[in-house]
Amino acid sequence: MIFLKNWIRLIRIENLLMILLTEWVVKWALIDLVLKESRMEYRMSDSLFWLLAGSSLLIATSGYIYNDIKDAEADQYKLSLRPIAQGLIAPKPAGIIAQAMNVVAVLLAFTAAVMIYKPGLAGIPLLAMSLLFGYSRGIKCMGMLGNFLIATTIALVPLMIWIFAFYDPKHFGLLQSTAFIDLHFSVFFIAGFAFLATLLREWVKDREDREADQKVGCYKWAGMNEHSFTKGYSLVTLMLILLIALFQELMPNSFLPMKWILFVVALALLALNLKAWIQSENQSQLSKWSLYLKLVLLIGLLSPLIQVFR
């Protein structure tokens with residue numbers, strides 16, 4: 001039981017569930033509805049979805065493992081120790097398992113791409129894998145570049161499902177029918193929201209871990225700058241996130257009662273985050289803000305469920 005708990009901590013099961021939930025919501029609450037109305041359900045079958053979901057989950061899991069192996073020394077200085085840093089899981093077998101996961105992820109992605117006769121699309125999961133591997137191998141310590149890599153991989157989660165459903169070389173790359181315009185905009189809003197929310201959360205986490213990172217020579221953007229400077233960028237990013245969320249709510253096909261519910265939720269989250277932004281001076285307060293941002297990200301990624309109630 002203890003062994004299982006250590007591995008659950010290592011692979012960040014809550015993050016994996018968020019990735020799976022995001023993919024499922026994008027498929028079920030957006031893509032499936034539009035394809036059903038157009039009688040084109042075949043473009044995103046359940047088997048295709050689970051191949052893609054399995055591939056993305058394995059890639060994310062291997063990325064977490066690689067990251068913890070590389071961060072073992074820095075993690076020893078942090079308040080919440082990771083299993084590898086504590087010596088509860090050996091780095092070598094964990095690395096072998098991560099490699100095996102990447103191999104299986106590639107096979108699943110290639111199978112999904114061949115299934116729809118577009119093998120080149122297997123390059124999208126490979127791109128995410130490369131970004132995560134590069135991040136763990138040192139890009140994370142290159143100022144803001146590491147933050148952008150992580151935010152990009154999170155934005156790829158909804159985009160990958162969308163691309164596999166709609167990419168079509170015979171129809172100018174993406175289906176251009178007016179029936180799909182709202183769907184395309186919605187997916188891009190979700191991806192943009194995920195990118196900005198993740199970017200902001202990465203800054204908060206890096207600020208929280210700055211002392212531990214600097215002890216091992218890892219200098220991240222949020223840890224190198226004055227806290228007031230970082231807070232300024234964070235506030236601007238938070239405002240952009242809220243603007244994206246508001247713009248999404250104003251989409252003509254949004255269900256009006258749900259708009260008001262989301263508006264109230266957005267105001268509550270704004271209040272929480274502004275309070276956390278004002279108080280974010282020590283590790284405990286930064287950790288609390290990080291949890292608030294995860295809540296913002298989760299609610300934002302679940303927002304396509306509004307389509308079900310149209």
Side-chain angles (χ1 to χ4, degrees), residues 11 15-16 18-20 22-27 30-32 35 40 42-67 70 95 97-140 142 145-176 180 183-195 198-199 202 301:
I11 66 176
N15 290 356
L16 297 180
M18 185 179 290
I19 291 172
L20 179 59
T22 301
E23 293 176 326
W24 177 78
V25 167
V26 168
K27 176 187 185 297
L30 285 179
I31 293 176
D32 280 358
L35 291 181
M40 298 175 66
Y42 64 90
R43 297 191 72 95
M44 179 48 67
S45 64
D46 288 341
S47 55
L48 176 63
F49 170 78
W50 285 112
L51 285 170
L52 294 173
S55 177
S56 61
L57 290 175
L58 288 172
I59 290 171
T61 303
S62 66
Y64 292 139
I65 294 174
Y66 282 134
N67 189 65
K70 190 69 175 177
I97 291 174
Q99 291 174 359
M101 287 180 173
N102 278 337
V103 171
V104 176
V106 170
L107 292 175
L108 292 178
F110 186 74
T111 302
V114 170
M115 181 185 294
I116 58 174
Y117 306 104
K118 303 178 184 79
L121 292 184
I124 299 173
L126 285 173
L127 172 62
M129 186 186 302
S130 301
L131 291 176
L132 290 175
F133 185 78
Y135 176 84
S136 67
R137 289 296 164 178
I139 294 179
K140 69 173 75 176
M142 297 181 181
L145 182 58
N147 303 139
F148 275 99
L149 288 188
I150 291 297
T152 299
T153 57
I154 297 300
L156 281 175
V157 170
L159 286 177
M160 182 175 68
I161 303 298
W162 172 72
I163 291 173
F164 268 77
F166 287 97
Y167 180 74
D168 192 342
K170 294 182 179 179
H171 294 86
F172 307 100
L174 291 169
L175 296 180
Q176 300 297 316
F180 301 118
L183 170 63
H184 298 335
F185 273 112
S186 295
V187 173
F188 272 98
F189 284 139
I190 293 167
F193 177 88
F195 179 89
T198 303
L199 185 64
E202 286 296 304
L301 294 177

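By convention here, the first residue in the shown sequence is residue 1.
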K140-N147 side chain donor-acceptor pair, cut-off 3.5 Å = no
note = Closest non-hydrogen atoms of S136 and K70, given as atom of the first, atom of the second and distance, are O-CG, 2.9 Å
Would you mind writing out the side-chain donor-acceptor pairs for residues 100-115 within the sub-3.5 Å range, not counting sequence neighbours?
from : atom 1 : to   : atom 2 : distance (Å)
N102 : OD1    : S62  : OG     : 2.7
T111 : OG1    : L107 : O      : 2.7

task = Would you name the heavy atoms of A53 and L20 that are closest together and state the gap between them?
result = CB-CD1, 4.0 Å
ask   = I190 and L30: side chain to side chain contact (heavy atoms under 4.5 Å, CB included), yes or no, with the steps?
value = CA-CA 11 Å; I190 293 167; L30 285 179; 3.6 Å; yes
message = Quick check for you: to the nearest 0.5 Å, what is the distance between L159 atom CG and T153 atom OG1?
response = 11.5 Å
query = Given side chains that start at C-beta, do those of F49 and W24 come closer than 4.5 Å, heavy atoms only?
reply = yes
Minimum-distance pair of heavy atoms, taken over all atoms of A128 and L156 = CB-CD1, 4.2 Å
ask   = Is any side-chain heavy atom of D46 less than 4.5 Å from a side-chain heavy atom of K27?
value = yes
task = Step by step, work out the side chain to side chain contact (heavy atoms under 4.5 Å, CB included) result for F133 and R137.
result = CA-CA 6 Å; F133 185 78; R137 289 296 164 178; 3.6 Å; yes
request  = Determine, step by step, whether L121 and M160 satisfy the side chain to side chain contact (heavy atoms under 4.5 Å, CB included) criterion, reporting the C-alpha distance in whole Å, the side-chain angles of both residues, the deciding distance to 0.1 Å, and the verdict.
outcome  = CA-CA 9 Å; L121 292 184; M160 182 175 68; over 6 Å; no
task = For residues E23 and S56, determine if any side-chain heavy atom of one lies less than 4.5 Å from a side-chain heavy atom of the other.
result = yes
ask   = Counting only N and O atoms by type, is there a donor-acceptor contact under 3.5 Å from the side chain of T198 to the main-chain atoms of F195?
value = no
key: Close side-chain approach of L149 to T152, heavy-atom, < 4.5 Å   = no
ask   = If you take all heavy atoms of A165 and I31, which pair is closest and at what distance?
value = CB-CG2, 4.1 Å
ask   = Which pair of heavy atoms, one from Y64 and one from L16, lies closest together, and at what distance?
value = CE1-CD2, 4.0 Å
request  = Walk me through it: do Y66 and Y135 pass the test side chain to side chain contact (heavy atoms under 4.5 Å, CB included)?
outcome  = CA-CA 9 Å; Y66 282 134; Y135 176 84; over 6 Å; no
message = Just to verify, what does S45 make a side-chain hydrogen bond (donor to acceptor under 3.5 Å, both in side chains) with, not counting sequence neighbours?
response = S47
ask   = For the side chain of S130 and the backbone of L126, is there at least one donor-acceptor N/O pair under 3.5 Å apart?
value = yes
